[in-house]
Structures are given as C-alpha cells and as structure tokens.
Amino acid sequence: MTSDSPDSDAAEGDAPEPLPDGGVDAEGADDTTLDPWGSATVSDYRKLFAEFGIEEFDEVLPEVPDPHYLMRRGVIFGHRDYRPIARAMRDDEDFAALSGFMPTGDPHIGHKLVFDEIIWHQQQGGDAYGLIADLEAHSARGLTWSEIDTHARDYVLSLLALGFDPEEGELYRQSTNREVQDLAFELGVEANFSELQAIYDFDGETDVSHMQSVVTQMADILYPQADEPRPTVIPVGPDQDPHMRLARDLAARMRYFRVTEAFAGFEVEDERERALLGEVYDGLTAGESEDGTADAGDGDDTLRCEDAAEALRADRSDYEAAGYDAATVEGVLEKLENAGMEPIRRRTRFLGRNATDAAFDALVEAVDGEKRVYDEHVDAFELSREEAEDLAREVETDHGGYGFRAPSSIYHRFMTGLTGGKMSSSVPASHISLLDDPEDGYDKVKAATTGGRQSAEEQRELGGEADECPVYELYAYLLAGEDDEFATEVYEECVGGERLCGGCKEQAAELMAEFLEDHQESREQWAEKLDELDIDLDVAADRRGQ
Ligand code: TRP
Ligand code: SF4
C-alpha cells in the first residue's frame, strides 16, 4: 500500500488490502466531478466523503452479514444510509435492491460490478430489480430505438448469465413500465427547473425529454416502494450520486408528515440549535430523574422556557467550549426568551406538511397518550421518535400516500483502463466487453499496462506496484472471485518482488479468457429462454421518431 492511500489503515483481517485510487490520469490531477452524463472523474475518493457527504463503506462493513468480496476488498468504498439494508439482511426483513443500465453500448467488466451487486443482494434475500434506461439513452444520448433494443438485450443476457433470478426479481425497461411513468409524473410535481439546473447544470438548451429522463430515474429508484415502503439500496458508480441526492430529497418531500423533536411550541429548524436545546433541557431535568423521582419534564409543567434560557446563559461558556458557536447559542437563547413563561417539555412533533385533512385528523386520533394539537402540527409526549416515524408512515400509507423511506446507495470505484487512464466504452483496448471474443480478451490483458518495474531485476529488488496496476485490479475486481487468499497472494507476491509481470499477465489473461468463455456460454443458454421473460426486447417496431 502506498503511504498516501486513503485506505492505508483500513485493511480488514486477512482480506486483500482495500484498493487505492488507481488510474494514471487520476494521479496529480485535482479533479473530482460527479456528472451523470459527462466524464465523471474522481481523482481522490476522500473528497467524496468530505465534499459530497458520501459515507465510508468500511464503517458499515462490520454490520453486513457475509459481505460480498467487492465490499471486503474496498472496491465498494462508499454508501449513503446503508444501515437499514444491513439491518434488514440481519433480521431477515423485507428490502429491495435496484439498479439501471443505459443501453448505449456493449456491457463490459465495469458493468459486471453492478450486475454482481444486484445479484448478491438478491441472494441475500432482497427483492431485486434490473432496469434498462432506454428513455435516458434515447433522450440524453440520442440512440435510435433499434440500437437500444440490441443493447438492451445484451445487458439483460449478461445480468441473467451472471446469476440474476428473473423468477424472483424483476427486469423492466423504462419505456414500457406504466407504473414507473405514473410515479415519475407525481415526483415531477415536487421538482422544478431551477433545482435540476443547480444539480445537473441544465440550461435553456436542455431537452425536455432529458429532464423527463431524470424524473424517470427518480421513479426507478422509488419503484420498489410503489406498493409499500421498505429499505431499498441502489448500487451505482459515484457519478450517479447527484441522482441519489435528488431521489432522497424527493422521497422526503412526498411524505405527508415530518417527525422532529421539540421542546415547546416554537419550531427549531437548525439541527445544531436543536442539539443544544436538548442538552440544556437534559441538564435542567437531570437532577430530578437521578434521585428516582419522575423526570420533571414528564407530565409536570413547572419548568419554563425562561428557566432554560437562564441555565443556558449561566453555562454559556461550557457549551461554547463543547463546540456550540455563538450564533447557535444566540439562536436558542432568543427562542427561549421569546417563549418566556411557556412550559418546556421534550416531545415528538409531527409536522403536517402535505397531509390531507383526513390524514391529519387520523394521525391526531392515532397518537397514543398525552398530546397537544396545533394548526399544522401535533405534539406527542409519550411516543419515541421511532414509534412516531412508524405511526406517521402507517397513517400516510392508509390515506393514499407512499410513505417512502429514503433510498440508500452504495458506490464502487471506477476501474482503471487496461491501457492506463480511464476505462472508457469508446476505447475498446481500455476495457473488456462481456461480448469480447475470449481470445481478444486474452490479448487485451496481455497488452495491458502494469505497475511493473523497468527490468525483471529491478522488479525482484523493489517489488511491483500492485496499487498502480490495472492487471492487479482485474484480479481484485473480477478474476479472483470469492477467493480472498488468491487475491492477497497476487498482491503480496507482486509487491514482494516474487511475481513478474509476464507470468502474472499470462495467468490473468487465461483466467479472463476462461471467464468470457463461461459467461458467453451461459448467455447463449439464456438467449433461448429470453422469450419466456416478461421484458419486451423489441420496442423499436412500435416506436417512431429518430
Ligand atoms: N442513469 C443511469 C446510468 O447512466 C441509469 C439508470 C436509470 C439508473 N435509472 C436508474 C441507475 C436507477 C440506478 C438506478 O447508467
Ligand atoms: Fe501488476 Fe502482476 Fe506486474 Fe504486479 S506482477 S505489477 S500485479 S502485472
């Protein structure tokens, strides 16, 4: 591992070490953009954590039962909100996994990562979906419908050949899924042009259909929850993260109620302020609950907002030392002082937002225990946050709402091209297509750039640079499969100088040819059964336009 690797201290057990940032053109370039339709580049995966708020996968890894090798090896490096998925897998509860493919060319070994991720979640008990983003390919990439049909068929065949179970899971294309179209339309009500402009850099020249393909993708992402809310994971490359952020936002905006924590009649929007207020409140009530008597906040109206303001003023320097900035302290003080004599008590608040009157009334009715009803919100004094969330969702789904859970995502690293630089569909030598002749696959691996030294002698002395080597990536991402020991052995032998590139590439090339041969054989078997599947792979005949 090179010392500047972001993951250098993150190796788990005896699994191969997580991969560093690969890619010749990534080196030195300070260039991290996430553009779903442009050239997404990630020069430094650490930036995705700091700047975009993606979380490190290593942190949830211990919670995942029997993690996939791409997780163990750090190829899947990031996530948003994966915990509900890990929990569902552990507790054997309902969850879903979905991803989509734009049929713009042949499926290649980069797509295989996503195929494998969907299939793995299906094998872990998830309801799995694979979709063909044909509307997106037509509107954002300008492919004709007959080109799209050809590629769609190829993606479906490879997904099946790699193990997707079409009896258990669902395959569909955007253009023929009426339910997705309807959902897209509803979601479009919550999104406007300025927002798409800000997220995707759209401008006055952007085609309307391209925008429609965005809401369609939002609908794809939420489609597994169309019947009922459940945790859903979307495995994608980090270039798709802007879509995930929008989808998570829209899922929240569609909700009837928002559940928050409150202390008095006033609203505290700012999270820091809410945390501070919570601490002040806990400080005020701590004495009472410690000596066994009931918490003064429970059922007793003797504590007032002005008491909390006084306590905060008195301990202000302690709170500031604990990291609350002056503006946060001032914000809380002002609210408490304005509320003055109003009693202060911890409560769970339901904000009415988009709820219909009937749903709002039903919620009020359904809240157990002491409650207080306001114009647009209800405060519950005997419900935990979690109970409140469940109740809000239940009332919503009973009254015609979706009750969406925010969709989760996982992100895999982009593969380095075989010729160095990016792996690109438009440069055949840089990638291996799943349709490549096994011999061509063999030749491409043999011709690949390596992390080897100038001479065999130097290699024996210094060791190879497996971290910079596209061939090592082939082993880690694909060729070693489940076999962690084998992947580790290649790595150690390489950096230890025992492995020379000629032999290493020969071995990789043979494994690649074998893989392609098996894969294509399996594709052929599936090709004979394609007619039996639900997915329509011939839409061109029914469509006009260019
Ligand atoms: N936009 C994706 C791509 O460019 C394809 C896609 C469409 C997708 N709908 C999706 C991916 C839903 C994940 C989930 O490849
Ligand atoms: Fe890459 Fe193999 Fe050479 Fe190491 S020995 S640099 S892994 S090709």
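Counting starts at 1 for both ligands and their atoms, in listed order. We're numbering straight along the sequence, starting at 1.
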- Can you list the atoms of ligand 2 that are under 4.0 Å from a heavy atom of Tyr472? 7 (S)
- Query: After noting the C-alpha distance and the side-chain angles of Leu131 and Arg173, does the key distance pass the side-chain contact (heavy atoms from CB on, under 4.5 Å) rule?
  - Reply: CA-CA 5 Å; Leu131 73 99; Arg173 51 195 300 163; over 6 Å; no
- Message: Could you identify the single nearest non-hydrogen protein atom to atom 8 (C) of ligand 1 and state the distance to 0.1 Å?
- Response: Gln217 NE2, 3.4 Å
- Will you find, in the side chains of His519 and Ser158, an N or O donor that is under 3.5 Å from an N or O acceptor? yes
- Regarding Thr216 and Gln174, is there a side-chain donor-to-acceptor distance under 3.5 Å anywhere? no
- Among all protein heavy atoms, pick out the one at the shortest distance from atom 2 (Fe) of ligand 2; state its residue, atom name and that distance to 0.1 Å. Cys504 SG, 2.4 Å
- Task: Answer yes or no: is there a side-chain heavy-atom contact under 4.5 Å between Arg543 and His138?
- Result: no
- Task: Locate the shortest heavy-atom distance separating Gln520 from Leu434; write the atom from each residue and the value.
- Result: NE2-O, 2.9 Å
- Query: With a 4.0 Å cut-off on heavy atoms, is Pro36 touching ligand 1?
  - Reply: no
- Where does the angle between the aromatic ring planes of His243 and Trp37 fall among parallel (under 30°), tilted (30 to 60°) and perpendicular (over 60°)? perpendicular
- Message: Under a 4.0 angstrom heavy-atom cut-off, which atoms of ligand 2 come close to Thr450?
- Response: 8 (S)
- Nearest protein heavy-atom contact for atom 11 (C) of ligand 1: which residue, which atom, what distance? Gly100 N, 3.3 Å
- Query: Arg499 pairs by side-chain hydrogen bond (donor to acceptor under 3.5 Å, both in side chains) with which of Glu492, Gln459, Gln507, Glu489?
  - Reply: Gln507
- Any atoms of ligand 1 less than 4.0 Å from a non-hydrogen atom of Ile234? List them with their elements. 13 (C), 14 (C)
- Note on the structure: Nearest heavy atom to atom 8 (S) of ligand 2, choosing from Gly464, Cys469, Gly452, belongs to Cys469
- Item | Residue Ala133 vicinity, atoms of ligand 1 by number, heavy atom under 4.0 Å | 5 (C), 7 (C)
- Task: Say whether Gln459 and ligand 2 are in contact under the criterion: heavy-atom distance to a ligand atom below 4.0 Å.
- Result: yes
- Give a yes/no answer: is there an N/O/S atom of Cys501 under 2.8 Å from atom 2 (Fe) of ligand 2? no
- Query: Within the stated cut-off of 2.8 Å, is an N/O/S atom of Cys494 closer than that to atom 3 (Fe) of ligand 2?
  - Reply: no
- Message: Using a 4.0 Å cutoff against the non-hydrogen atoms of Leu98, which atoms of ligand 1 qualify?
- Response: 12 (C), 14 (C)
- Task: Using a strict 4.0 Å cut-off to heavy atoms of Arg499, name the atoms of ligand 2 that fall inside it.
- Result: 5 (S)
- Message: Against Tyr82, only a single residue in Phe57, Tyr411, Phe77 fulfils ring pair (Phe, Tyr, Trp, His ring centres under 6.0 Å); can you say which?
- Response: Phe57
- Can you sort out which atoms of ligand 1 are near Met102, meaning under 4.0 Å from one of its heavy atoms? 4 (O), 15 (O)
- Run the salt bridge (charged side-chain N to carboxylate O under 4.0 Å, His left out) check on Asp182 and Arg178 step by step: do they pass? CA-CA 6 Å; Asp182 289 346; Arg178 178 69 216 205; 2.8 Å; yes
- Message: Which label fits Tyr172 and Tyr223: parallel for a plane angle under 30°, tilted from 30 to 60°, or perpendicular past 60°?
- Response: perpendicular
- Which word best sums up how the rings of His210 and Phe202 line up, parallel for under 30°, tilted for 30 to 60°, or perpendicular for over 60°? tilted
- Query: Looking at Gln174, which atoms of ligand 1 are within less than 4.0 Å of one of its heavy atoms?
  - Reply: 7 (C), 9 (N)
- Go through ligand 1 atom by atom and flag the ones less than 4.0 Å from a non-hydrogen atom of Asp220. 7 (C), 9 (N), 10 (C), 12 (C)
- Query: Quick check: does Glu136 get an N/O under 3.5 Å from an N/O on ligand 1?
  - Reply: yes
- Query: If you measure from atom 2 (C) of ligand 1 to every heavy atom of Gln240, Arg141, His243, which option wins on shortest distance?
  - Reply: Gln240
- Query: Using a distance-only test with no angle check, is there a side-chain donor-acceptor pair under 3.5 angstrom linking Asp536 and Thr176?
  - Reply: no
